[in-house]
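Written below as structure tokens is the structure these notes are about.
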Amino acid sequence: MCELAGGRLAVCVLPFGGPPLKAPAGSRAEAVPTWPRAAERAGGRRALSTALRALGVAPGDLARTVSGAPRAPAGTVVSLTHRGRYAVGVAWRGGATAPRLAGLGVDLELHDQLPPRAMRLLCTEEELAALRREPSWLDPTRVFAAKEAAYKATSARSGRSFRPRALPLVPLGPRAAACSPSAATPGTTTDRTVCVVSTQVGEWWTALSLALA
């Protein structure tokens, strides 16, 4: 499945091919199948290649950078993720009349993956107070997915480690939030607006983050 938005943004979701790894009977891994790492990486590249082609862009070899992120073709910004049986690739194609995108991030997490107490590991007290004003955001798996997507859009390529509490979220409604990594992460640039869109699709939380320069 590949969706286009405004001719600039493409999102592609593909299932993995081949058999999953065997897991112990009755384990969580049995309920949520996993695939060999090589299959996951190949699935991610395939999803991203499909998204780029939907924008009319030749994907090239999508070699990994030092940070592990895929190298985007000229004039594009890309991100990918893989979890469970799915791979997701997103791509943005710039242009003279398009907003300049500084970063793009996507994440996919199985719902109920984290217990409620994880919220205090993911968020500061000030952030929790803001999230309580939009109760649908008081889901630790959803918050983790949103912060992972924001991290990919802002800090992943710089080599900084993922620190969830340094990526505070402020809900903009039931499906969107603003993220201000520059407020909590020394050395990050301040000339960007980061928005995260989060939606539950079946048993999955999806998050897409855009960092506007």
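The first residue in the sequence is number 1, and the count goes up from there. The shown structure was predicted, so the numbers you read here are calculated from the model rather than taken from an experiment.
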On a heavy-atom basis, which atom in [X] and which in [Y] lie closest, and how many Å separate them?
X: L108; Y: Y86; result: CD2-CB, 3.9 Å
X: D139; Y: T141; result: OD1-N, 3.0 Å
X: L101; Y: V77; result: O-CG2, 3.8 Å
X: A51; Y: G89; result: CB-O, 3.7 Å
X: A87; Y: G44; result: CB-N, 3.8 Å
X: V196; Y: A207; result: CG1-CB, 4.3 Å

Indicate yes or no for a side-chain donor-acceptor contact from [X] to the backbone of [Y] under 3.5 Å, with no hydrogens or angles considered.
X: R45; Y: L62; value: no
X: T206; Y: T199; value: yes
X: S209; Y: G105; value: no
X: E127; Y: L169; value: yes
X: R142; Y: S136; value: yes
X: R93; Y: L9; value: no
X: T154; Y: A150; value: yes
X: W137; Y: G173; value: yes
X: R165; Y: R120; value: yes

Applying the 4.5 Å side-chain criterion to the ILVMFWY set and letting contacts propagate, would [X] and [Y] be lumped into a single cluster?
X: V143; Y: W205; value: no
X: L128; Y: L122; value: yes
X: V90; Y: L14; value: no
X: V201; Y: L208; value: no

Using side-chain heavy atoms (C-beta onward) and a distance below 4.5 Å, is L55 in contact with T76?
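Result no, sub-4.5 Å side-chain heavy-atom pair not found.
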Find the distance between CG (L210) and SG (C179) and round it off to the nearest 0.5 Å.
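Reported to 0.5 Å precision, the distance equals 12.5 Å.
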Check the pair L110, R83 against side-chain contact (heavy atoms from CB on, under 4.5 Å), reporting the backbone distance first and the verdict last.
CA-CA 8 Å; L110 187 67; R83 189 78 71 231; 5.7 Å; no
Which residue is it: T50, L4, V88, V106? I am looking for the one with a side-chain contact (heavy atoms from CB on, under 4.5 Å) to V11.
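The option that passes is V88.
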Should the ring pair F162 and F144 be called parallel, tilted or perpendicular, given that the plane angle runs from 0 to 90° and is split at 30 and 60?
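Aromatic pair F162/F144 classed perpendicular.
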Over 12 foreign heavy atoms within 6.0 Å of CZ, R132:
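Check passes, neighbour count above 12.
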What do the steps show when you test L114 against L121 for side-chain contact (heavy atoms from CB on, under 4.5 Å), and what is the final call?
CA-CA 11 Å; L114 297 174; L121 299 176; over 6 Å; no
What's the verdict on side-chain contact (heavy atoms from CB on, under 4.5 Å) for L131 and M119, showing C-alpha distance, side-chain angles and the deciding distance?
CA-CA 10 Å; L131 293 174; M119 287 295 288; 3.9 Å; yes
Test: E109 and K147 ion pair at under 4.0 Å:
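No.
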